[in-house]
Amino acid sequence: MQFHSKSMLTIVTEALLENDLVELFEARKIRGWTIVAARGKGAHGEKRGSFDANENIQIELIASTATAEALAEEIQLEYGQHYALVQWLSEVRVLRADKF
Amino acid sequence: MQFHSKSMLTIVTEALLENDLVELFEARKIRGWTIVAARGKGAHGEKRGSFDANENIQIELIASTATAEALAEEIQLEYGQHYALVQWLSEVRVLRADKF
Amino acid sequence: MQFHSKSMLTIVTEALLENDLVELFEARKIRGWTIVAARGKGAHGEKRGSFDANENIQIELIASTATAEALAEEIQLEYGQHYALVQWLSEVRVLRADKF
Amino acid sequence: MQMDPVVLFFLLGLLAGLAKSDLKLPSALYDTLSVFLLLAIGIKGGLELAKQPFLQVLPQALLVLAMGFVIPLLVYPVLRLKFSQVDAASMSAHYGSVSVVTYAVGVAYLSRLGVSHESQTTLFLVLLEMPALIVGVILARQGANQAGKGSGHGWGKLLHEVLLGKSIVLLMGGLLIGLLAGPEGIKPLDRLYLDLFKPVLTLFLLEMGLVVAGKFGALRQQGWFILLAGIGLPLCLSWIGIGVGHLLGLSVGGVTLLALLAASASYIAAPAAMRMAVPQANPALSLGAALGITFPFNLLIGVPLYYQFAHWVA
Amino acid sequence: MQMDPVVLFFLLGLLAGLAKSDLKLPSALYDTLSVFLLLAIGIKGGLELAKQPFLQVLPQALLVLAMGFVIPLLVYPVLRLKFSQVDAASMSAHYGSVSVVTYAVGVAYLSRLGVSHESQTTLFLVLLEMPALIVGVILARQGANQAGKGSGHGWGKLLHEVLLGKSIVLLMGGLLIGLLAGPEGIKPLDRLYLDLFKPVLTLFLLEMGLVVAGKFGALRQQGWFILLAGIGLPLCLSWIGIGVGHLLGLSVGGVTLLALLAASASYIAAPAAMRMAVPQANPALSLGAALGITFPFNLLIGVPLYYQFAHWVA
Amino acid sequence: MQMDPVVLFFLLGLLAGLAKSDLKLPSALYDTLSVFLLLAIGIKGGLELAKQPFLQVLPQALLVLAMGFVIPLLVYPVLRLKFSQVDAASMSAHYGSVSVVTYAVGVAYLSRLGVSHESQTTLFLVLLEMPALIVGVILARQGANQAGKGSGHGWGKLLHEVLLGKSIVLLMGGLLIGLLAGPEGIKPLDRLYLDLFKPVLTLFLLEMGLVVAGKFGALRQQGWFILLAGIGLPLCLSWIGIGVGHLLGLSVGGVTLLALLAASASYIAAPAAMRMAVPQANPALSLGAALGITFPFNLLIGVPLYYQFAHWVA
Ligand SMILES: Nc1ncnc2c1ncn2[C@@H]1O[C@H](COP(=O)(O)O)[C@@H](O)[C@H]1O
Ligand SMILES: Nc1ncnc2c1ncn2[C@@H]1O[C@H](COP(=O)(O)O)[C@@H](O)[C@H]1O
Ligand SMILES: Nc1ncnc2c1ncn2[C@@H]1O[C@H](COP(=O)(O)O)[C@@H](O)[C@H]1O
Ligand code: NA
Ligand code: NA
Ligand code: NA
């Protein structure tokens, strides 16, 4: 089997943006993503998940580099100004290129 | 101290495969891995963890590139056809090369 | 927008070190990090989160490569000998270089 | 007639889910509630069984067991009209097995009407969990070349999986605890396992409503046949339960519960077992029918209807 | 006078948190307890409402609704003295809306004194959740150019968010279940929703103590005005509640609860809604005041004080 | 004699775990149940203590405290025969401290037999948590060069850790709440903290059975000495408890509980404290013995045995 290079976009943000982001992914025809519950600290203070408006999520999303970069920029513009948000891109290798 | 290059294999799949995969790791003499609870969306629909047969896990496993690639291929062959499964490899640097 | 190269340090260790590590981050003026609950297996046996002294956490922390390496070394020296601890560095690209 | 509040909680969850409310129950709560329900049902059954002469229950148990093997064999050819071999087999397993929560709602319904039922019905519940799963796997694997990779677990692993799955361990464990401890021993536990049974069921059904609402979306893609099957199967199967119940000489309450068990479809044990044993089958199909259609149908319409059926026959 | 043990649990959590104890309650427990409290309060309200002639409650409901719209309009100009438009608007929404747990503590306080209160207060609680949130968003957006990006959700999405938020769905759902099932139907559920209400509240307040302790650190950076506001606002707002309660001809118990509702600040529905609608506002500010100052103030001092106030007026 | 159902739940968990059932309880449930048990035991103790003249309890408390300091000093040289300094010290701390759940099972056992016990035993439980941890750390650190890195936390941090750990905060907090609120204040909470104590203990023990089963595997690698220690230590230590209990003039019930406290080994407070203070020690060793051997031994054999012992002595 062969491995193919893709980009992974990781998004850490407030849990209450989940529905919005999923809508965005679907609008942009992204075919898959993974979400884990997270807490953390950043410029917007501590997020400890102790109650509703104080939780983080971490979303991982594999796509072509172009798609991942475009998505990251769009999310940054839409939510970066006011919401707790950190994103990063990394290089990964996957087995089924057609899946992403 | 010195950092050494290794590969990290990340596996996102159905939670009910956990026992199987751990058995496989042990058979392949893998010495460590990390598991976090996850949900997500992919070709096999949405996995929300709302009940037993609908949970995902994300497994991270650092090993030599050869081992990680071989493991990814084996898992793909064994589970890739019918189960929800996404895997990716990435490059990492670790401090204790002998540990992995 | 432009993406900037940074390093990400990932730390998997015993949950009861969380307070200590957060203190260390603050002493080192680290400005942000993300924590997720994890379990796993390694040289120190299985960590299943089934009760207090048996949980893992996974911490992700984006910083300059120099800072991340220094931090990893310091943590290795301070906790590596006796505690369950695995760390790895990876390369990521972020949008706002000034944030990290 | 007023609606049972237990069902109202299900409707609340269903409506909230359909309206896309952000109401969510933590999954730890769901897990906790199911552990509780399984234990409580098991204990209650054990207490009742202690009163029964063993030799009287044994032949009944064997007949019920037989019913568990036969139902999927009857369901399979019907489903084959429309579905692939593996999908039809998997669905047969779901419908041959039982839903513990549906049973609990039936018990609550009868107790509200003041209708008694035989104590061995809990034992029947336990006995019916498994046979259909075995038959389902056999049906899925017959004729197929099983030497290849990725075609599911071997029989040893599978039996282990099913026999030691959460449902059977807790139901049987509770049953044995009830048998061994007896009414005197269990009395200090009544405040939890007896008194809180029905109120806890309300929380569980609230969550089930939310889950079922989430299944509706996936169902719409499956076409009309699945809706037909999800309603037609329980209706037909209930009559098998009624027949067997009649044969066993059960009371109206007992016949109702056996009809309900036959009509109910498993959504805990079966999906997990089928995923391991028959991974080729599409889980959205069987789970969608069992959870998205048959579960609410039984809850809202089936329970009173089968009670009516049982009356006619008596 | 002895302290209500419910409040002692809050103090235990507060002290443990301030002393940096490693005591933590799982967040799934917090979620479960709030689902329970909201349902229980709703059900109790529904049962009581069933006894009331609808036409008598309607005008009262309208007046209370009006109070919900007016309070944030009164609070806003005061907060504008010190805070930006968006922050003042967001905080007005928090203080105009209500805290369900504060209400629950008030109910427990009255029941301990044996003081009765009108059944419609639960309805008032539900009605007061939302109007202030709408006013808060309008205040935040007035004059501002809302065409730009990142300035929060549109009205449609927002109304959906609020109306179908956890609080309102569970309170209203419980209310309807109580209404539909009636005292007979609810009786088997009393063991949970009635008998365990106060004891469960203790666990909830233990957790609240821990959460409030965590808020104190962030508050110190905000200066004196926030402390002043966090205490002054409930004191003043309580009198609006007392006035309206008097107008409605409520009993001393009813007036106390309406005063408490007016004085309490939302920390569940409002923060979530404001975060979606007015993301520019600093959530640490309004949540810090509502949760870090006003919540403990109302719990420890406000509840008995407003009861005293209500006595004077009666 | 029939087995206490509480113990049956433990066996169910144990068997399910050993058979590798996929039964799992959510960790949030485990956390919730331990919060509940600690609070409930504390409150009950506080209520009882309120009835005691303080000056009568004080000398008893001091003697029990002394026992807590002495036990690890006696255990340490025995364990040194086989284990390294740090491992022996850590294990001494585990066995000198106490297991709250074992105590709870002892209380349930006595209440089933209708045997009363002195109210101050809960206070003893609280007092015995900590001294052994301090002694254990001193033993581990004596003579060792502690200037190096990675050798654990300083004393200040450590005392904070232990004194403000979950166990002591909740036990002491409950005690104070019981004392301050008194029987009248606590009465509305009885439905939870009193009535549900034993049933909740069953769920906790089910989980403990699963956890203990998981420990067995790791134990097999440790050889015979650990098995010997895990059974021999509680047997011997129980006699210290009996001696002290006798000296204090306790009743048979009181002596039984003090014997059980002495014989029990901590698996909540001690592992966390030792991990912070003596990280060089192998946690699998002490936790394996305390949880894998001593805990089930005490539960199944110890409790009735120490009661027998206490009878002989009386
Ligand atoms: N340097 C960082 N490395 C990893 N995660 C971070 C970092 N900074 C912030 N985060 C995460 O991103 C969330 C939002 O960051 P912020 O917008 O800076 O508050 C925080 O709550 C953290 O979970
Ligand atoms: N493009 C993707 N990026 C990240 N995670 C993915 C992606 N696609 C699928 N996943 C995850 O992998 C699981 C299985 O994927 P699938 O086999 O496509 O259903 C999903 O439930 C997601 O959690
Ligand atoms: N090779 C590995 N890959 C990924 N995670 C690991 C690996 N080895 C250990 N871990 C994680 O790091 C923790 C501590 O490792 P150890 O110090 O080897 O016990 C384990 O509990 C695992 O969660
Ligand atoms: Na069935
Ligand atoms: Na208010
Ligand atoms: Na001891």
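All chains are named by letter (A, B, ...) in the order of the sequence lines, taking the proteins before the strands, and each is independently numbered beginning at 1.
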[X], part contacting chain E, at a heavy-atom distance under 4.5 Å:
X: F:L163; answer: neither
X: F:V35; answer: side chain
X: F:L170; answer: side chain
X: F:I43; answer: side chain
X: F:L29; answer: neither

Between [atom1] on residue [X] and [atom2] on residue [Y], distance to nearest 0.5 Å:
X: E:K198; Y: F:D190; atom1: NZ; atom2: CG; result: 11.5 Å
X: F:L196; Y: E:L196; atom1: CG; atom2: CG; result: 6.0 Å
X: E:L23; Y: F:K166; atom1: CG; atom2: NZ; result: 8.0 Å
X: E:L203; Y: F:T32; atom1: CG; atom2: OG1; result: 8.5 Å
X: E:R112; Y: F:K187; atom1: CZ; atom2: NZ; result: 14.0 Å
X: E:L11; Y: F:I177; atom1: CG; atom2: CD1; result: 8.5 Å

- Message: For E:S21, is there any backbone N or O sitting under 3.5 Å from a side-chain donor or acceptor partner on F:H160?
- Response: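 Absent.
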- Message: Is E:L201 close to chain F through its backbone or its side chain, or both, or neither, when contacts mean heavy atoms under 4.5 Å?
- Response: neither
- Query: Checking heavy atoms, do the side chain of E:F197, its backbone, both or neither come under 4.5 Å from chain F?
  - Reply: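 Contact with chain F is absent: no heavy atom of E:F197 under 4.5 Å.
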- Between E:P26 and F:A28, what is the shortest heavy-atom contact and its length?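 Here E:P26 and F:A28 meet closest at CG-O, 3.5 Å.
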- Item | Shortest non-hydrogen contact from F:L189 toward E:P5 | CD1-CB, 4.0 Å
- Do F:E161 and E:D22 pass the side chain to side chain contact (heavy atoms under 4.5 Å, CB included) test, and can you show the C-alpha distance, the side-chain angles, and the key distance before you say yes or no? CA-CA 8 Å; F:E161 180 75 18; E:D22 76 346; 4.2 Å; yes
